[in-house]
Engineer: 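Below: one structure in C-alpha cells.
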Amino acid sequence: MPEDRDDEERVRPRPFWSGVIAFGLVSLPVSLFPANRSRRVSLKMVDDSGTPLSRRYFCEHEQKALSADDIVRGYKAGEHHYVVVEDKELEDLAPEKSQEIDLKRFVPLDDIDPIWFERAYFLVPDEGATKAYRLLAKSMEDERRAGIATFVMRGKEYLVAIMAERGILRAETLPFHDEVRTPEDVGLPALKKAAKEQVARMQKAMKALAAKELDRDELNDRHTRLVLETVQKKIKAGKDVVKAPEEEAAEAEEDNVIDLMQVLKERLQGGTPAEPKPAKREESRGRREEKSRRHPVGASAKPLEDSTKEELYELAKELHIPGRSGMSKRQLVDAIRERR
C-alpha cells in the first residue's frame, strides 16, 4: 500500500557525479547533486490480477518478441534503409572519460536567456575545498558572471552554465546551439506597436494580481494530489485493491528523500556529514543472497560486457544508479564501473 511521503525517513543524498572544476591554475573538487526531483505519482502497468507487466520490443516482420541481445541501433537513411551502428563503434566515438568540469569562459550572467536552461544541479564542495569554493562563488556573484563549461558523464559530453547565488554554486545544463528554436522557427507573427489604451488596460489587470514576492505554496501539483486522494479513498473502501503474486511482485525502490540544503550547510561550515540512516525497507537475507548469486560484485564476477542488458539493469538497480532505465548497455557498463 502507498506510504505517506511525509513520514518517510530522510536519508543522506548521493552525488550524481564527482570531479573538479578546472580553469587556469584553479582545481576545485566538487560533487554534483540534482536540484530537483520528481514527486509525481508513478502508476505501474499491471493486469487485472495485479501482476506487474513488462514492456518488450516486438518484430512485426517475424512476429516474435525480442530480447535485448537481438536489438541493434540504426540510423534512418532513406525510406526503407537504416545504417546499423554497433555499440563498439559508439564506444570508440564517445568522449574521453574525465573527472573535470572544464570551465572555458566567464560570460555576463544577463546574456544567458533562461530558455537555455534544461536541468539544475547544486555543486557541493568536497572536504577541504570550502575556502576556494566560497572565493569562486563570491567573485562570480560580485562580477555577475556565469561560467560556461563542459564535462563528461556516462559517455556523453554535457554543456553547463555555472552560476553563483547567495554563496552557492549551481550548474544548469544547456542545449547545444542548434537544439533551441527561434521565434522565426515557430512562426510568430511580426510585432506591431500596441495602442496606449490597450497597454494601460493590460497594466491595470496585472496590477490587480500583483504580489510582492513568489509564494512557493502556490506551486503545487494539483493533479498528483487528486490522484493520491483517489487512491487513498479506494484503499479505505477496499475497492479495486489487488495483490500481486509474491514471486511476481515488483520490488519497490527506496525513496531517497533528501535534505540537500543540510548537506550544503554542513560542507560550507566545515562539518563532516553524518552517515546515511539505514533505509526503512530492508530486504530479507534470502533475497539478498539470491541477488548476490545472480549478480556477484566481487572479483569472481564475470566481465560486465558479457552480461545481458537485463543483468546489467538489475546490478545498476542494486547499486542505486539513477537514470538506469533510459541507459543503453554500454552506458550501464560505464555507470556500474564508476559506482564500484
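For reference, positions follow the sequence shown, starting with 1.
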Engineer: Compare every heavy atom of Asp126 with every heavy atom of Val30, then report the nearest pair and how far apart it is.
Structural biologist: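 Here Val30 and Asp126 meet closest at C-OD1, 3.6 Å.
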
Engineer: Quick one: pull up CZ in Arg166 and CD in Glu141 and give me the separation to the nearest 0.5 Å.
Structural biologist: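 Atom-to-atom, Arg166:CZ and Glu141:CD are 9.0 Å apart.
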
Engineer: For Gln63 and Glu60, indicate whether the former's side chain and the latter's backbone hold a donor-acceptor pair under 3.5 Å.
Structural biologist: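 Yes; judged by distance alone, with no hydrogens or angles, the pair exists.
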
Engineer: Does any part of the side chain of Tyr121, heavy atoms only, come nearer than 4.5 Å to the side chain of Glu172, both counted from C-beta?
Structural biologist: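 Of all side-chain heavy-atom pairs linking Tyr121 with Glu172, none is under 4.5 Å.
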
Engineer: Nearest 0.5 angstrom please: Asp185 CG to Thr182 OG1, how far?
Structural biologist: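 So the CG of Asp185 and the OG1 of Thr182 are separated by 3.0 Å.
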
Engineer: Output the distance between atom OG1 (Thr230) and atom CD1 (Ile235), rounded to the nearest 0.5 Å.
Structural biologist: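 Nearest 0.5 Å value for the OG1-CD1 distance: 11.0 Å.
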
Engineer: Should Phe122 and Tyr158 be regarded as members of a common hydrophobic cluster, given that ILVMFWY residues are connected when their side-chain heavy atoms come within less than 4.5 Å of each other, either directly or indirectly?
Structural biologist: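 Yes, Phe122 connects to Tyr158 through the hydrophobic network.
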
Engineer: Could you tell me which non-hydrogen atom of Ile162 sits nearest to which non-hydrogen atom of Met140, and how far apart they are?
Structural biologist: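 So the two residues come closest at O-CE, 3.0 Å.
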
Engineer: Report yes if the side chains of Arg222 and Arg225 come closer than 4.5 Å at any heavy-atom pair, otherwise no.
Structural biologist: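 Counting from C-beta outward, Arg222 and Arg225 do come under 4.5 Å.
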
Engineer: Would you compute the distance between atom CD of Glu118 and atom CG of Leu159 and round it to the nearest 0.5 angstrom?
Structural biologist: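 Nearest 0.5 Å value for the CD-CG distance: 9.0 Å.
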
Engineer: Checking Ser31 side chain against Val124 main chain: does a donor-acceptor pair fall under 3.5 Å?
Structural biologist: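 Absent.
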
Engineer: Is the shortest distance from a Lys or Arg side-chain nitrogen in Glu86 or Lys88 to a carboxylate oxygen in the other one below 4.0 Å?
Structural biologist: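 No, Glu86 and Lys88 are not salt-bridged.
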
Engineer: What are the two closest non-hydrogen atoms of Leu312 and Ile336, and how far apart are they?
Structural biologist: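 Closest pair (atom of Leu312, atom of Ile336, distance): O-CD1, 3.5 Å.
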
Engineer: For atom CZ of Phe176, decide whether the heavy atoms of other residues, nucleotides or ligands shown that lie under 6.0 angstrom number more than 12.
Structural biologist: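 Check passes, neighbour count above 12.
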
Engineer: For the residue pair Arg134 and Thr130, establish whether any side-chain heavy-atom pair is separated by less than 4.5 Å.
Structural biologist: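 Arg134 vs Thr130: side chains touch.
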
Engineer: What are the two closest heavy atoms between Pro175 and Val180, and how far apart are they?
Structural biologist: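 Nearest pair, atom of Pro175 first, then Val180: CG-CG2, 3.3 Å.
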
Engineer: Is there a path of hydrophobic side-chain contacts, each under 4.5 Å between heavy atoms of I, L, V, M, F, W or Y residues, that connects Leu174 with Ile115?
Structural biologist: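 Yes, because Leu174 and Ile115 connect within a single hydrophobic cluster, where side-chain heavy atoms sit under 4.5 Å apart.
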
Engineer: Taking the basic N atoms (NZ, or NE/NH1/NH2) and the acidic carboxylate oxygens, is any pair closer than 4.0 Å for Glu197 and Arg201?
Structural biologist: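 Salt bridge between Glu197 and Arg201, a charged N being under 4.0 Å from a carboxylate O: no.
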
Engineer: Measure the spacing between CG of Leu135 and CG of Leu28 and express it to the nearest 0.5 Å.
Structural biologist: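 It is 9.5 Å, given to the nearest 0.5 Å.
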
Engineer: Hydrophobic clusters here meaning ILVMFWY residues chained together by side-chain heavy-atom distances under 4.5 Å, can you tell me if Val26 and Ile168 are in one?
Structural biologist: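 Yes: a chain of side-chain contacts under 4.5 Å links Val26 to Ile168.
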
Engineer: Could you tell me whether the side chain of Trp116 reaches within less than 4.5 Å of the side chain of His177, counting heavy atoms only?
Structural biologist: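 They are in contact (side-chain heavy atoms under 4.5 Å apart), so the answer is yes.
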
Engineer: Is it true that a side-chain atom of Tyr133 and a backbone atom of Leu169 form a donor plus acceptor pair closer than 3.5 Å?
Structural biologist: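 At least one qualifying donor-acceptor pair exists.
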
Engineer: Output, in order, the C-alpha distance, side-chain angles, deciding distance and verdict of side-chain contact (heavy atoms from CB on, under 4.5 Å) for Leu315 and Leu332.
Structural biologist: CA-CA 9 Å; Leu315 183 52; Leu332 284 168; over 6 Å; no

Engineer: Would you say the side-chain atoms of Gln99 pair up with the backbone N or O of Val20, donor to acceptor, closer than 3.5 Å?
Structural biologist: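 A pair under 3.5 Å: no.
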
Engineer: First locate atom CD1 of Ile71, then atom CZ of Arg56, and finally report the distance between them rounded to the nearest 0.5 Å.
Structural biologist: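 One gets 11.0 Å once the value is rounded to the nearest 0.5 Å.
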
Engineer: Grab the two heavy atoms, one from Ile112 and one from Ala161, that are nearest each other, plus how far apart they are.
Structural biologist: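 Minimum heavy-atom contact is CD1-CB, 4.0 Å.
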
Engineer: Please tell me whether Val107 and Leu136 are part of a single hydrophobic cluster in this structure, the criterion being side-chain heavy atoms less than 4.5 Å apart.
Structural biologist: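 Per the 4.5 Å side-chain linkage, Val107 and Leu136 are not co-clustered.
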
Engineer: Apply the test side-chain contact (heavy atoms from CB on, under 4.5 Å) to residues Ile148 and Lys104: give CA-CA distance (whole Å), side-chain angles for both, the deciding distance (0.1 Å), then the verdict.
Structural biologist: CA-CA 6 Å; Ile148 304 300; Lys104 301 178 181 296; 5.6 Å; no

Engineer: Report yes if the side chains of Met163 and Phe117 come closer than 4.5 Å at any heavy-atom pair, otherwise no.
Structural biologist: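 With C-beta onward as the side chain, the pair touches.
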
Engineer: Quick check: do Pro108 and Arg145 have side-chain heavy atoms less than 4.5 Å from each other?
Structural biologist: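 Touching, per the 4.5 Å side-chain cut-off.
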
Engineer: Same cluster or not: are Met153 and Ile101 linked, directly or through other Ile, Leu, Val, Met, Phe, Trp or Tyr residues, by side-chain heavy atoms under 4.5 angstrom apart?
Structural biologist: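 In one cluster with Met153: Ile101, yes.
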
Engineer: Would you sort out whether Asp70 and Tyr57 count as a side-chain contact (heavy atoms from CB on, under 4.5 Å), showing the intermediate values?
Structural biologist: CA-CA 10 Å; Asp70 297 324; Tyr57 286 95; over 6 Å; no

Engineer: Is any side-chain heavy atom of Leu123 closer than 4.5 Å to a side-chain heavy atom of Leu32?
Structural biologist: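 SC-SC contact between Leu123 and Leu32 confirmed.
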
Engineer: Would you indicate whether Tyr75, at its atom OH, is surrounded by more than 12 heavy atoms from other residues, nucleotides or ligands within a distance under 6.0 Å?
Structural biologist: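 Not more than 12 within 6.0 Å, no.
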
Engineer: Measure the shortest side-chain to side-chain distance between Met202 and Met206 over non-hydrogen atoms and say whether it is less than 4.5 angstrom.
Structural biologist: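 Result yes, sub-4.5 Å side-chain heavy-atom pair found.
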
Engineer: Indicate the atoms forming the closest heavy-atom contact of Ala137 with Gly167, along with that distance.
Structural biologist: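 Between these two residues, the closest heavy atoms are CB-O, 3.8 Å.
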
Engineer: Hey, what's the ring geometry for Phe106 with Phe23, parallel, tilted or perpendicular (30° and 60° as the breaks)?
Structural biologist: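 Plane angle over 60°, so perpendicular.
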
Engineer: Can you establish whether the number of heavy atoms outside Glu157 located under 6.0 Å from its atom CD is more than 12?
Structural biologist: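 Buried by this count: over 12 neighbours within 6.0 Å.
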
Engineer: Under the criterion side-chain contact (heavy atoms from CB on, under 4.5 Å), I'd like the reasoning laid out for Leu103 against Phe151: C-alpha separation, chi angles, the key distance, then a yes or no.
Structural biologist: CA-CA 9 Å; Leu103 211 165; Phe151 77 102; over 6 Å; no

